[in-house]
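Proteins get letters first, then strands, A, B, ... in listed order; numbering begins at 1 in each. Just so it is clear, the values below take in all heavy atoms, side chains as well, and ignore hydrogens, waters and symmetry mates.
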Number of protein chains: 2
Amino acid sequence: MRPLFHPAIEDVQPEAILHALSDPARAAIFAKISTAGCVEACSAVSSVGDRVIPKSSLSSHFKVLREAGLIRCERHGVEMRNHSRCAEVEARFPGLLSAIMGAYARAGAPRVAAQKGGTAA
Amino acid sequence: MRPLFHPAIEDVQPEAILHALSDPARAAIFAKISTAGCVEACSAVSSVGDRVIPKSSLSSHFKVLREAGLIRCERHGVEMRNHSRCAEVEARFPGLLSAIMGAYARAGAPRVAAQKGGTAA
DNA sequence: CCCATAGTTCTGAATTTCGGAACTAACGGA
DNA sequence: TCCGTTAGTTCCGAAATTCAGAACTATGGG
């Protein structure tokens, strides 16, 4: 099977990255791929939080991430290996990904913690 | 005059910011507001590049930016003053805005300035 | 009061996104 | 080899979003 299309790093556009990561589900998928040693099977992220994502939606999410230049996908037998392209993107747009993922990390905690009553603020 | 709704800075969500800035036109508007001493009338940005933006679209772009927490708008007589909320956003999501605007700045140039050497790896 | 200016809201059309169902590719077992 | 299972893609209609023209509102000037 021919390899999927991936944009060259110099063709990667900021608007594509922002659009891809402006969806919390995609951002969560990307976070998972990035932190999980940059390799992950598609089906391993079949849910975000407690929300189950249908296969077809998952497939298109991966497509968006791939075409935005954020991940690299290759078939390995019956499944897909997804590598993050963090390093390349970091070289092209310094600080972008870490700022975005950091923003999500920072926003993720407060509200949830406040409602749950867990953190003695 | 009743002030328009603006989210408190702690209610600002990363996905809203990314979505707002994932549109190059909005990113350009925001860049203009940010750099122009953080004050600008709506009609002063009636075009992006050589593309003229209709009033209604412009209005909704400003609304998106405002509701994302990126700008603060107040009526002054018949026109609108738009202040950037850079400082607040920077405090909440350190490095986010500068990374994004830097990415756009870096992407905007390359095609034209490719002969500057170094980047064509 | 009437008009001009600046911006908003309404509305329908075009585009995008979502998700179920059917389809394809790769492997394992008999 | 053939069949079944698993992993993921594609197709297609419904829902949501975006776009832009037209009408409307608010403010200030003469």
With a cut-off of less than 4.0 Å, is there a side-chain N or O of B:S57 near OP1 or OP2 of D:dA20? yes
I'd like a table of atom pairs between the protein and nucleotides 1-8 of chain D - only N or O on both sides, under 3.5 Å - with the distance next to each one.
unit_1: D:dA7; atom_1: O4'; unit_2: A:V78; atom_2: O; d: 3.3
unit_1: D:dG8; atom_1: OP1; unit_2: A:C42; atom_2: N; d: 3.2
unit_1: D:dG8; atom_1: OP1; unit_2: A:M80; atom_2: N; d: 3.2
unit_1: D:dG8; atom_1: OP2; unit_2: A:S43; atom_2: N; d: 3.0
unit_1: D:dG8; atom_1: OP2; unit_2: A:S43; atom_2: OG; d: 3.3
unit_1: D:dG8; atom_1: N7; unit_2: A:K55; atom_2: NZ; d: 2.4
unit_1: D:dG8; atom_1: O6; unit_2: A:K55; atom_2: NZ; d: 2.7

Is there side-chain contact between A:H6 and A:C73, with at least one heavy-atom pair below 4.5 Å? yes
Roughly, in whole Å, what's the span from CG in A:L4 to P in D:dT9? 7 Å
Check: B:V45 and B:I53 side chains under 4.5 Å, non-hydrogen atoms: no
Test item: A:S22 side-chain N/O and A:H19 main-chain N/O as donor-acceptor pair under 3.5 Å: yes
Spacing of CD1 belonging to A:I33 relative to CZ belonging to A:F62, to within rounding of 0.5 Å: 4.5 Å
In whole Å, I'd like the distance from the CZ atom of B:R26 to the C1' atom of D:dT17. 11 Å
Sorted by chain and number, sequence neighbours left out, side chain to side chain donor-acceptor pair (under 3.5 Å) with B:H61 holds for B:R26
So, does A:E74 use its side chain to make a donor-acceptor pair with the main chain of A:M80 at under 3.5 Å? no
Between atom CG of A:L97 and atom CZ of A:F30, what is the distance when rounded to the nearest 0.5 Å? 5.0 Å
Would you please name every residue forming a salt bridge (charged side-chain N to carboxylate O under 4.0 Å, His left out) with A:R66, sequence neighbours left out? none
Gap separating the OG atom of A:S34 from the CD1 atom of A:I29, nearest 0.5 angstrom: 11.5 Å
Which of residues 60-70 of chain B have a heavy atom under 4.0 Å from DNA chain C? none
Under 4.0 Å from any atom of DNA chain C, heavy atoms only: list the residues of residues 14-23 of chain A that qualify, in numerical order. A:H19, A:D23
Spacing of A:L58 atom CG relative to D:dT9 atom P, expressed in whole Å: 9 Å
Quick one: salt bridge (charged side-chain N to carboxylate O under 4.0 Å, His left out) partners of B:E88, sequence neighbours excluded? B:R72, B:R85
